[in-house]
Student: 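Provided herewith is a single structure, encoded as structure tokens, for subsequent inquiry.
So you know, we letter chains A, B, ... as the sequences are listed, proteins then strands, and number each from 1. Since the structure is predicted, the reported quantities are computational estimates derived from the model, not experimental observations.
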Protein chains: 2
Amino acid sequence: MNELSRTLKTDEITQLVLKKTLDIVCGKWRLYIIFQLTDQACRYGELRRRIPEVSEKVLVQELKELVALGVIEKTTYGETPPRVEYSLTERGRKVLPILLQLKTVGETFLEV
Amino acid sequence: MNELSRTLKTDEITQLVLKKTLDIVCGKWRLYIIFQLTDQACRYGELRRRIPEVSEKVLVQELKELVALGVIEKTTYGETPPRVEYSLTERGRKVLPILLQLKTVGETFLEV
DNA sequence: CCTTATACTAACCTTTTGGTGGGTAACCTA
DNA sequence: TAGGTTACCCACCAAAAGGTTAGTATAAGG
């Protein structure tokens, strides 16, 4: 019984961990956005221009979510016209190599 | 113009690659299913019992999708009651280490 | 004083994903 | 002959994800 409850608990933790990962990774554009910020911070408009296929609403929404998750951070300069920059957080930079490796997964399954 | 079209093409390839990756990874239960097959093949019913939270329909559906993607394979033994086993394909085993690393991502963002 | 630029918000709609509750075939055992 | 076991299928439904279109504040530039 004790062992069972320990097993259950481990499963629950694994599920939590995986859920968090999926929150960060899933969503059609999240990885794409993260990869755009690999080297430097990027303004909102610049992101729009670099990923023209994503709709405005979704981009804003995804950026907000990634900020809430702690993957990226937002810096607002009180200027007009407004200037806002997005960049990776420390944690974001920490996991970036793993996320970049995910390309290998896609490549492996696209090979003939 | 040549450079632009080359850039566009690269972007398209990146998008294809990422899409393929997301197909494999996303979905509430896909990673979970893949991880269950790390060491040995597993029967359908065994998977059901190991992941009780997933509904029957969704499990079947996810298994089918993973087979179609080439991540896992299905072996049917013509017995009654039926026996069906799922296991990782060669490609599946190849990318498994990368997928396992994804746990690190979740852990990083769950830390206090 | 009208336009332009930037970084958004809000209302609304469609598609995709995940889930429930039933049913099925085939053989074995009691 | 009734019930158990296994690995599914089908019709239907709710919620989440993704997308379109229009509108906003502010200041600088012509």
Student: Ignoring backbone atoms, test whether Lys64(A) places a side-chain nitrogen or oxygen under 4.0 Å from the OP1 or OP2 oxygen of dT9(C).
Tutor: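 Yes.
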Student: Strictly below 4.0 Å, heavy-atom distances to any atom of DNA chain C: list the hits from residues 23-54 of chain A, or just say none.
Tutor: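 Per residue number, the list reads Arg43(A), Tyr44(A), Gly45(A).
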Student: Could you check if a side-chain atom of Leu37(A) sits within less than 4.5 angstrom of a side-chain atom of Ile72(A), using non-hydrogen atoms only?
Tutor: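 Yes, close enough: below the 4.5 Å cut-off.
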Student: Return the value, rounded to whole Å, for the distance between atom CD of Gln61(A) and atom P of dA10(C).
Tutor: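 Roughly 13 Å, once rounded to whole Å.
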Student: Using whole Å, what does the distance between atom P of nucleotide dC8(C) and atom CD of Glu62(A) come to?
Tutor: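 Interatomic distance, CD of Glu62(A) to P of dC8(C): 14 Å.
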Student: Looking at Phe35(A), does the NZ or CZ of Lys103(A) lie under 6.0 angstrom from its six-membered ring centre and within 45 degrees of the ring axis?
Tutor: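 Yes, cation above the ring, under 6.0 Å and within 45°.
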Student: Counting C-beta onward and ignoring hydrogens, is there a side-chain heavy-atom pair between Val84(B) and Thr75(B) closer than 4.5 Å?
Tutor: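 Answer no - side chains too far apart.
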Student: So, Arg48(B) side chain and Leu59(B) main chain: donor-acceptor pair closer than 3.5 Å or not?
Tutor: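 Not a single qualifying donor-acceptor pair exists.
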Student: So, Thr21(B) side chain and Val105(A) main chain: donor-acceptor pair closer than 3.5 Å or not?
Tutor: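 It does not hold such a pair.
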Student: Report, as yes or no, whether the 6.0 Å neighbourhood of atom CD on Glu53(A) holds more than 12 heavy atoms from other residues, nucleotides or ligands.
Tutor: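 For Glu53(A), atom CD is crowded (more than 12 foreign heavy atoms under 6.0 Å).
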Student: Walking along DNA chain D from 5' to 3', note the first and the last nucleotide with an atom under 4.0 Å from a heavy atom of chain B, and give both.
Tutor: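 Nucleotide range in contact with chain B: dT5(D) to dA11(D).
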Student: Check each residue of residues 65-88 of chain B for a non-hydrogen atom within less than 4.0 Å of any atom in DNA chain C, then write out the ones that pass by number, or none.
Tutor: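 Those residues are Thr80(B).
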Student: Inspect the contact between Glu85(A) and Arg43(A) and indicate whether a charged nitrogen and a carboxylate oxygen are less than 4.0 angstrom apart.
Tutor: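 Salt bridge absent between Arg43(A) and Glu85(A).
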Student: To check you understand the geometry: which heavy-atom pair defines the closest contact between Arg30(A) and Val25(A), and what is its length?
Tutor: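 Heavy atoms only, the tightest pair is CB-O, 4.0 Å.
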Student: So does Glu90(B) pair up with Lys94(B), basic N to acidic O under 4.0 Å?
Tutor: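 Salt bridge flag = no for Lys94(B) with Glu90(B).
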Student: Quick one: does Arg50(A)'s side chain have a donor or acceptor within less than 3.5 Å of a partner on Gly45(A)'s backbone?
Tutor: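 No, the answer is negative, given that no donor and acceptor are paired below the 3.5 Å cut-off.
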